[in-house]
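Report on one structure; see the data block that follows.
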Number of protein chains: 2
Amino acid sequence: MGVTVKDVASVAGVSQATAARALGGYGYVSPVARRTIEEAARTMGYRRHAVARALASKVTHTVGLVVSDIENPFFAAAARGLSDVLEPAGYTILLANSDEDLEREERLVEAFRSRRVDGLVVVPSVASATPHLVDLVAAGVPLVLFDRPVRKLDVDVVMVDNKQGASNAVGHLIGLGHRRIGLVSDAPEISSSAERIAGYRVALRKAGIAVDERLIALTGSTQADGYRGATALLETRDRPTAIFTANNMMSVGTLLALRDLGLRIPEDVALVGFDDLEWTTLIEPALTVVRQPVHEIGRRAGERLLARLHGDRSAARRTRLPTEFVVRGSCGAR
Amino acid sequence: MGVTVKDVASVAGVSQATAARALGGYGYVSPVARRTIEEAARTMGYRRHAVARALASKVTHTVGLVVSDIENPFFAAAARGLSDVLEPAGYTILLANSDEDLEREERLVEAFRSRRVDGLVVVPSVASATPHLVDLVAAGVPLVLFDRPVRKLDVDVVMVDNKQGASNAVGHLIGLGHRRIGLVSDAPEISSSAERIAGYRVALRKAGIAVDERLIALTGSTQADGYRGATALLETRDRPTAIFTANNMMSVGTLLALRDLGLRIPEDVALVGFDDLEWTTLIEPALTVVRQPVHEIGRRAGERLLARLHGDRSAARRTRLPTEFVVRGSCGAR
DNA sequence: GTGAAAGCGCTAACAC
DNA sequence: GTGTTAGCGCTTTCAC
């Protein structure tokens with residue numbers, strides 16, 4: 001069916017090796033032969049067979065990406081950033097969603113390995129070094145962790161300074177006079193969330209405010225979970241005067257809860273969220289947020305992976321990008 | 001480095017062919033042999049080599065997905081839907097962004113073909129039958145078009161009834177008494193947009209209202225473009241009393257323009273948008289929208305592709321999913 | 001049911 | 001520079 005290097009070679013009147021060199025872009029080929037071969041290839045409709053090439057060369061020029069859910073704007077943006085650096089470099093991205101489920105993540109990583117990806121970028125579901133990642137690293141497959149580190153796994157990580165970002169946000173609220181500040185977050189098993197929770201605690205402690213555990217709502221990862229968490233906090237008789245939400249899903253859920261309870265922002269409850277999305281300036285008042293450099297995270301991860309793919313054997317690097325605190329109306333500062 | 005079928009075979013004391021049959025899950029193998037082989041494979045850490053398998057069997061179990069931009073929530077949701085049906089079926093998705101650019105799209109499709117994907121799902125940048133897609137179809141590679149059809153290309157398409165959706169929306173606005181209804185859309189070269197524009201015209205015509213071309217702002221695909229388009233419409237002395245935006249990007253741009261001009265919704269200008277996203281109920285008033293079944297579109301595309309992959313040779317099918325008109329505050333109906 | 005042998009289409013030594 | 005010759009790891013006839 002398809003035109004092979006061999007076919008092109010025989011038409012061009014050269015050996016398969018020469019045709020392969022010309023078509024594959026490696027080794028020496030005389031300009032004359034090259035032209036003849038390329039001409040033949042074009043008229044014959046030759047198309048490089050990446051699968052055969054990969055089998056012979058042991059390099060697939062594919063990279064696996066495992067995110068929690070590509071529908072989460074944060075991961076979509078990061079995926080885009082990653083693609084923007086990997087694709088021009090000749091790599092194709094294999095995409096999969098883990099839904100924060102370890103078993104799924106294991107299956108996906110395994111599927112990618114059997115497809116012999118040259119490297120992997122994964123958003124780890126759990127913070128401890130699970131076998132599927134340890135084995136991967138032991139086998140020498142380049143791995144870049146995205147958004148979250150994994151304990152005792154010495155690989156490149158690209159993430160933001162979650163603790164600092166959260167602490168800034170909560171500190172800002174404290175500066176505004178708030179003492180009872182609620183936190184709505186998803187599970188601390190997700191290490192980025194754990195760091196944000198830690199940042200929340202640090203800011204309070206630094207201000208000499210005792211952490212009231214009843215003001216901390218730890219829940220699932222969905223918007224509905226955020227809604228429930230926020231509602232629980234808000235329905236107590238001694239409700240918080242301000243809330244910090246640990247990610248965009250929690251922000252949406254909390255916003256909805258606030259509305260359903262008829263609470264005004266920032267008069268009744270001040271709000272600061274993590275993640276800056278398009279709609280944050282569309283709502284009234286606009287949401288004060290901790291903004292992450294979403295594309296940059298993806299790009300950096302791509303660059304780190306490319307370096308490894310190009311043979312960089314230096315020590316694992318932990319890239320911590322700074323967050324930006326964007327003050328708008330919801331915190332009550334204006 | 002890696003453990004091969006051959007290695008497993010020699011340890012298990014069978015021929016390579018038998019081991020391959022047991023490990024590959026095809027052909028006959030006695031229960032006894034199978035157990036021995038699987039046991040050996042497990043202890044030796046055998047991992048199937050999908051690349052070699054693909055070369056030999058001519059089936060890669062990979063599917064290429066080309067979207068305009070994975071960051072657009074519409075495409076992210078569709079990608080998720082696609083993944084939800086393809087992944088359980090054993091397929092891996094190769095993802096790429098075309099940015100509505102034909103040349104990029106061509107390069108990406110070519111890259112996927114050289115990787116011998118079993119099938120492709122693409123959101124075509126242009127509505128006319130360009131060679132890269134025609135050749136693909138001629139070569140017998142299953143192709144499913146996503147969101148938009150391509151003229152004279154007889155392949156499966158999964159999309160929504162854009163014209164009907166747009167016409168409903170505009171008709172609703174007319175029913176509310178509006179006569180000067182503006183339209184903010186991206187380029188009509190994008191056929192889904194062309195259909196929405198057509199729906200807008202149809203609704204007006206049906207109501208006996210002459211289409212005023214000055215009320216139609218055709219612009220680029222970004223939110224900034226939408227902002228510019230809406231601003232242009234709104235700054236005329238005889239501005240529209242209502243606006244219909246053809247997609248989520250245009251909606252955001254228009255919302256921002258409205259705010260910057262100090263115009264209230266729906267008092268000064270009523271608004272209805274295409275696409276229903278999370279934030280549409282977060283803003284005040286909530287946005288009245290034409291909702292697309294985003295996941296369903298992706299899932300259907302996946303099912304169509306699976307059918308083709310499984311040998312379905314029936315006539316190309318055009319799946320048109322219905323949209324849903326969701327009335328909220330921005331249109332002024334409440 | 002199992003084995004031998006011939007590829008799949010390409011890269012990679014190595015000799016010329 | 002170019003050709004020869006082995007594979008890469010698996011599937012796939014086709015005998016037995």
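Being a predicted model, the structure only gives us computed values, none of them experimental. Just so we're on the same page: letters track the sequence lines, and every chain starts at 1.
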A:Ser221 side chain to A:Glu100 side chain, donor-acceptor N/O pair below 3.5 angstrom:
no
Expressed as a whole number of angstroms, how long is the span from A:Arg21:CZ to C:dA12:P?
11 Å
Protein-nucleotide distance (A:Arg48, atom CZ; C:dT11, atom P), rounded to Å:
7 Å
What is the distance, rounded to the nearest whole Å, between atom CZ of B:Arg53 and atom C1' of C:dG9?
18 Å
For B:Thr4 and A:Ser30, find the nucleotide of DNA chain D closest to each by heavy atoms; which residue's nucleotide sits nearer the 5' end?
A:Ser30
According to a strict under-4.0 Å criterion, is A:Tyr28 in side-chain N/O contact with OP1 or OP2 of D:dG3?
no
Counting the atoms with a prime plus P, OP1 and OP2 as sugar-phosphate, which does B:Ala33 contact under 4.0 Å by heavy atoms, base, sugar-phosphate, or nothing?
sugar-phosphate
Interatomic distance, B:Leu23 CG vs C:dG3 C1' [rounded to whole Å]:
16 Å
Indicate, with a heavy-atom threshold strictly under 4.0 Å, whether B:Val14 touches base, sugar-phosphate, or nothing.
sugar-phosphate
Find out whether B:Ile190 and B:Val126 are in side-chain contact, i.e. whether some heavy atom of one side chain is under 4.5 Å from a heavy atom of the other.
no
Hey, does the side chain of A:Lys58 come within less than 4.0 Å of C:dC10's phosphate (OP1/OP2), counting only N and O?
no
Taking D:dT11, C:dT2, D:dT2 as options, the one with an atom nearest any side-chain atom of B:Gln16 is D:dT11
Students often get this wrong, so: under 4.0 angstrom with heavy atoms, is B:Ala50 touching a base, only sugar-phosphate, or nothing?
nothing
Quick check on DNA chain C: between B:Ala19 and A:Val5, whose nearest nucleotide comes earlier from the 5' end?
B:Ala19
The answer to which of B:Ala17 and A:Val3 contacts DNA chain C further toward the 5' end, by nearest nucleotide, is B:Ala17
So, does B:Thr18 get its side chain near the phosphate of C:dG3, meaning an N or O under 4.0 Å from OP1 or OP2?
yes
Expressed in angstrom and rounded to an integer, what is the separation of B:Tyr26 atom OH from D:dT13 atom C1'?
12 Å
Using whole Å, report how far NE2 of B:His49 lies from P of D:dT11.
11 Å
Does any non-hydrogen side-chain atom of A:Arg107 lie less than 4.5 Å from one of A:Asp101?
no
For the pair made of NZ in A:Lys6 and P in C:dG7, what is the distance, rounded to whole Å?
9 Å
Rounded off to whole Å, could you give me the CG-to-C1' distance for the B:Leu55 and D:dT11 pair?
10 Å
Measure the shortest side-chain to side-chain distance between B:Arg308 and B:Asp156 over non-hydrogen atoms and say whether it is less than 4.5 angstrom.
yes
Regarding the side chain of B:Ser15, the nearest nucleotide among C:dT2, C:dT11, D:dG9 is C:dT2
Is the shortest distance from a Lys or Arg side-chain nitrogen in B:Glu110 or B:Arg113 to a carboxylate oxygen in the other one below 4.0 Å?
no
Using a cut-off of strictly less than 4.0 Å, decide whether A:Ser57 has a side-chain nitrogen or oxygen near OP1 or OP2 of C:dT11.
no
